[in-house]
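Since the structure is predicted, the reported quantities are computational estimates derived from the model, not experimental observations. Sequential numbering from 1 along the given sequence is applied to the chain's residues.
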Amino acid sequence: EAARLRIIVSEKATVRGKSLHTVLVQEAMKQGLAGATVLRGIEGYGADRRLHTALLVDIAPALPMVVEIIDDESKLRSFFEVVEPMIESGMATIERVTMLMHRAD
């Protein structure tokens, strides 16, 4: 048994001059979590109720970025305590998953 932490933030969100999603992945690696993946959404809206879509030409892209991290739930909760102050807007969820495989090449 494992858990998946899913953090959804804006593509334009930054921390210390770096993309927030990049900082989240780097922090997950630093903390030794099992793995992290970033997915770029093509459309979505959040608490601001504004539609963000790849179909509209926009000077400043603000598409949703989904950061998924799999590991033990307690490790994910500890990780989230560290990164939560970095997230000005977005959404985070945690759910139990069954890890079938985790191996390197």
Side-chain angles (χ1 to χ4, degrees):
E1 290 300 309
R4 174 178 43 223
L5 174 62
R6 182 177 288 150
I7 303 172
I8 304 169
V9 296
S10 173
E11 177 179 25
K12 66 181 181 178
T14 61
V15 175
R16 301 180 301 271
K18 289 184 171 181
S19 296
L20 176 56
H21 58 87
T22 298
V23 172
L24 295 173
V25 170
Q26 289 172 344
E27 183 63 29
M29 184 179 275
K30 178 180 164 186
Q31 290 192 27
L33 298 178
T37 300
V38 177
L39 308 166
R40 185 173 190 240
I42 60 167
E43 191 166 38
Y45 71 91
D48 64 1
R49 308 294 288 179
R50 293 182 55 223
L51 182 64
H52 304 280
T53 177
L55 302 176
L56 299 176
V57 176
D58 193 352
I59 294 171
L63 293 172
M65 301 298 282
V66 181
V67 181
E68 292 192 346
I69 305 168
I70 308 289
D71 209 308
D72 179 74
E73 184 172 344
S74 63
K75 289 181 182 179
L76 294 176
R77 289 188 183 277
S78 295
F79 166 80
F80 189 71
E81 286 178 16
V82 172
V83 300
E84 192 273 332
M86 300 177 193
I87 304 169
E88 291 183 16
S89 65
M91 179 187 296
T93 62
I94 195 164
E95 57 196 275
R96 291 188 180 150
V97 297
T98 302
M99 190 181 305
L100 298 177
M101 179 181 64
H102 179 243
R103 61 183 170 217
D105 294 335

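- The two residues Val9 and Ser89 make their nearest non-hydrogen contact at CG1-O, 4.0 Å.
- Linking ILVMFWY residues whenever their side-chain heavy atoms come closer than 4.5 Å, directly or via other members, places Met86 and Met65 in the same cluster.
- Taking a 4.5 Å side-chain heavy-atom cut-off between Ile, Leu, Val, Met, Phe, Trp and Tyr, the cluster of Tyr45 contains only that residue.
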Anything under 3.5 Å between a donor and an acceptor, one on a side chain of residues 22-33, the other on a protein residue two or more places apart or in another chain? List them.
{"from": "Gln26", "atom 1": "OE1", "to": "Lys18", "atom 2": "NZ", "distance (Å)": "3.3"}
{"from": "Glu27", "atom 1": "OE2", "to": "Gln31", "atom 2": "NE2", "distance (Å)": "2.9"}

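- Between the side chain of Ser10 and the backbone N or O of Lys12 there is at least one donor-acceptor pair closer than 3.5 Å.
- Heavy atoms only, all atoms of each residue included: Ala36 and Ile69 are closest at CB-CG1, 3.8 Å.
- At most 12 non-hydrogen atoms from other residues, nucleotides or ligands lie less than 6.0 angstrom from CE of Met91.
- Every residue two or more places apart in sequence or in another chain was checked for a side chain to side chain donor-acceptor pair (under 3.5 Å) with Thr93, and none qualifies.
- Taking 4.5 Å as the limit, every side-chain heavy atom of Ile94 sits out of range of all side-chain heavy atoms of Arg4.
- We find the CG-NE2 distance between Leu100 and His102 to be 13.0 Å, quoted to the nearest 0.5 Å.
- In terms of modelled atom types and a separation under 3.5 Å, the side chain of His21 and the main chain of Val38 share no donor-acceptor contact.
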Side-chain donor-acceptor pairs of residues 75-85 under 3.5 Å, sequence neighbours excluded:
{"from": "Arg77", "atom 1": "NE", "to": "Glu73", "atom 2": "OE2", "distance (Å)": "3.0"}
{"from": "Arg77", "atom 1": "NH2", "to": "Glu73", "atom 2": "OE2", "distance (Å)": "2.9"}
{"from": "Ser78", "atom 1": "OG", "to": "Ser74", "atom 2": "O", "distance (Å)": "3.1"}

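- In this view, Thr37 and Leu39 satisfy the side-chain contact (heavy atoms from CB on, under 4.5 Å) rule, not counting sequence neighbours.
- Side-chain heavy atoms closer than 4.5 Å link hydrophobic residues (I, L, V, M, F, W, Y) into clusters, and following such links, even through other members, never connects Ile8 to Val15.
- Other members of a hydrophobic cluster containing Ile42 are absent, since no ILVMFWY side chain comes under 4.5 Å of it, directly or through relayed contacts.
- Using a 4.0 Å cut-off between a side-chain N of Lys or Arg and a carboxylate O of Asp or Glu, Arg96 and Glu1 do not qualify as a salt bridge.
- Under the salt bridge (Lys or Arg N to Asp or Glu O under 4.0 Å) criterion, Arg6 pairs with Glu68, Glu95, sequence neighbours left out.
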